Amino acid sequence: MSLDNKAPVAPAPSDFIRDIVAQHVAGKKYPQIHTRFPPEPNGYLHIGHAKSICLNFGIAHEFGGICNLRMDDTNPTKEDVEYVDSITEDVNWLLSGWADRNLGLKPKGKTPETIAEEGKRDFYLEAVVPLQTPDAKSQTLEAFYASDYFDQLYDYAEQLVEKGKAYVCDLTPEETDEYRRNAKESPYRSRPVAENLDLFQRMKKGEFPDGKRSLRAKIQVDSPNVWLRDPLLYRIRHADHHHTGGKWCIYPMYDFAHCLSDYIEGITHSICTLEFEVHRPLYDWILESLNLPRPLPHQYEFARLSLGYTVMSKRKLMQLVNEKLVSGWNDPRMPTISGIRRRGVTPEALRAFAYNIGITKYNGITDVAVLEHAIREDLNKRALRRLAVLHPIKVVLTNYPEGKTEELDAINNPENPDAGTRKIPFSRELYIEQDDFKEVPPPKFFRLKPGGEVRLKYAYIIKCDEVVKDASGKIVELRCTADLDSKSGGATAARKVKGTIHWVSAAHAIDAECRLYDRLFTEAEPEKDGRDFKSVLNPHSLEVVTAKCEPSLKDARPEVRYQFERLAYFALDKDSSLAPNASRLIFNRTITLRDTWAKEAQKH
RNA sequence: UGCCCGAUGGUGUAACGGUAGCACAGCAGACUCUGAAUCUGUUUGUCAUGGUUCAAAUCCAUGUCGGGCAGCCA
């Protein structure tokens, strides 16, 4: 392979977190960089998670490290395997062809190993990188689960109790809140170690009902940082867990589980969003209180993604799903990864977007145009061009012989000559787009108009002679004459005609359902000034039409992207049937082409 | 209210004491058998006030504005 003509290498991303990691790498602070992506399986992943995935896996990828996929599943009442499955699928999709070599998993069912060293006990669970580990194929691998560490976390909790750094508290949830708000010590704070140990063990055995007691860290009740005011480490929850079943009735809190899960997996850089910034002292306190033998992970925070014309929180997305305002988590209008994927966006486009928006600590709102640009740029390079008419109007070429059919050559992708050409049939009766004809044309309209000429892409220049209307005045047909010498490559082919429009031969056209998606909301900030986001749902976010398509589209494939020329990019929906005898084509409009004419037309 | 964090064109980001740059959006033009793509040009910015310095977007102080936290959620 020649290196002379190499593709431009994208500059390595740079941001404050990567700068820190780069310093650590240069200073050889860690043998290997190890990050993690830790979603809670209580909903589907969205584009905000995509930003986090691109950051965490991107760092692992750029610095030769590993990023563990970990289910952060410490709350049995909210989590479900449905979400575990969707998360796994979405992560694999986004990583494919990029950082899949840096994905850290573990053998199915494996839990941390206990390492005894110099009289010290240590818990460690090593990552297996499927594409880098020789025998990985012989093992069944799965994501890490925080719930796989419940035994070890319990052990750590007991250690804290024994050190006098944690105690069992009998305050009710309401009392605990009140005491914490008022920086007041719990009356159970100085309970003896032996009693704490006994009580904690009995909590584990299930002797107490939910909320009756809790395990609390003994830190500083009057700390200005509320997360240091003796935070809860364990709560009682008599509930089955999607991954550990009925084994436990006490569950660790996020703060306790997360830092120790990071430690157990040997994470070096634990990257999370800004709202956890105030938790960092607690993250460090727990780890430092346990005299752990291996290097401790450190937490770094960045701003989560906010995107215009959408909502991002799982709660609100779930609301849209539950109230049937969309067809499901993977509705192509949803900002979920599965919705975006179904819409036809490629992982490359999503990654380019994540790269373009950068990483900072500033909470801003990213313009959707940035996403749309990344999608168009990607699709422009890869999409196969096809002719299809979404809103047809019949055209009859009065001087073209009845029954005659020509096969015309059409270019599959002007951006990529290797994509080749195809034949499209031409005949006397055609469909063109309703928007491409105006009986009373606005200024600068260079499409078809009465007495006007337009080029049919790959075919002839035609002139509109007559507009046929029905009794109600609706246009039903345009009668035109073709300049029979003007066919592409013909005698008068070079004639200058301002407009070129797309068309399909009526007799040869095939039908396809096209789902025309638009933004889900009419406002860039659906919740601005406290308004209900559902009050600004876009009533036109989905329009379904039956399009007239050129016949080659009968061979459409789900993994291929199409551009219906002059209109938009489309991808086959999973609801399509490709069975030869029961074929049903459904296309999702991924995104429209840029339309400067629409902007121009609006001026008048 | 307390604590924490942030502030660079319309939006998002770079500049790490030494020429304020990039992307998107916008505008204007070229090209065009996609009003796409491509190409060219271009409008617009360091929150405020002091201080340190030869020199401040950058360091310091104060203020303003914005965000976060104060679940037995994560």
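This is a predicted model, so every value here is computed, not measured. Residue numbers start from 1 in every chain, and the chains themselves are labelled A, B, ... in the order their sequence lines are given, proteins ahead of strands.
Between the side chains of A:D230 and A:Y179, no donor-acceptor pair is found at a separation under 3.5 Å. Judged by distance alone, the side chains of A:Q220 and A:D222 do bring a donor and an acceptor atom under 3.5 Å apart. Between the side chains of A:H258 and A:D72, at least one donor N or O lies within less than 3.5 Å of an accepting N or O.
The interatomic distance linking A:D262 (CG) with B:A74 (C1') rounds to 13 Å, in whole Å. Rounded to whole angstrom, the span from the CZ atom of A:R180 across to the C1' atom of B:A70 amounts to 8 Å. Atom CD1 of A:I359 and atom P of B:G6 are 16 Å apart (whole Å).
Identified under the side-chain hydrogen bond (donor to acceptor under 3.5 Å, both in side chains) test for residues 406-417 of chain A, with sequence neighbours left out: A:R385-A:N413, A:R386-A:N412, A:Y400-A:E406, A:E406-A:Y460, A:E406-A:K487, A:D409-A:K423, A:N412-A:R422.
At a cut-off of 3.5 angstrom, the base of B:G35 holds no donor-acceptor pair with the side chain of A:R566.
Relative to the ring axis of A:Y309, A:R519 places its NZ or CZ within 45° and under 6.0 Å from the centre.
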Atom pairs under 3.5 Å, N or O on each side, protein against nucleotides 15-21 of chain B: can you list them with distances?
residue : atom : partner : partner atom : Å
B:C16   : N4   : A:D19   : OD2          : 2.8

For nucleotides 64-67 of chain B, tabulate all protein N/O to nucleotide N/O atom pairs closer than 3.5 Å, reporting atom names and distance.
residue : atom : partner : partner atom : Å
B:G67   : O2'  : A:N363  : ND2          : 2.9

Q. Where do A:V161 and A:L215 land on the side-chain contact (heavy atoms from CB on, under 4.5 Å) test, with the steps shown first?
A. CA-CA 9 Å; A:V161 171; A:L215 184 74; 3.8 Å; yes
Q) Do A:I250 and A:F208 pass the side-chain contact (heavy atoms from CB on, under 4.5 Å) test, and can you show the C-alpha distance, the side-chain angles, and the key distance before you say yes or no? A) CA-CA 10 Å; A:I250 57 171; A:F208 314 116; over 6 Å; no
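RNA chain B contains the following stems of three or more consecutive Watson-Crick or G-U pairs, with both distances under 3.5 Å: B:1-7 with B:64-70, B:10-13 with B:21-24, B:26-30 with B:38-42, B:47-51 with B:59-63.
Annotation for A:K463: atom NZ does not count as buried by contact number, only 12 or fewer foreign heavy atoms lying within 6.0 Å.
Regarding the sugar-base torsion, B:G66 falls in the anti class, its angle being beyond 90° of 0.
Aromatic stacking is not marked for A:Y254 over B:A74, as the cut-offs of 5.5 Å for the centres and 30° for the planes do not both hold. Per the stacking criterion (ring centres < 5.5 Å, plane angle < 30°), A:W227 does not stack onto the base of B:A70.
With sequence neighbours excluded, no residue satisfies ring-ring contact (aromatic ring centres under 6.0 Å, His included) with A:H373. Residues forming a side chain to side chain contact (heavy atoms under 4.5 Å, CB included) with A:P224 (at least two apart in sequence, or on another chain): none.
Side-chain rings of A:F256 and A:Y234 approach one another, their centers coming within less than 6.0 Å.
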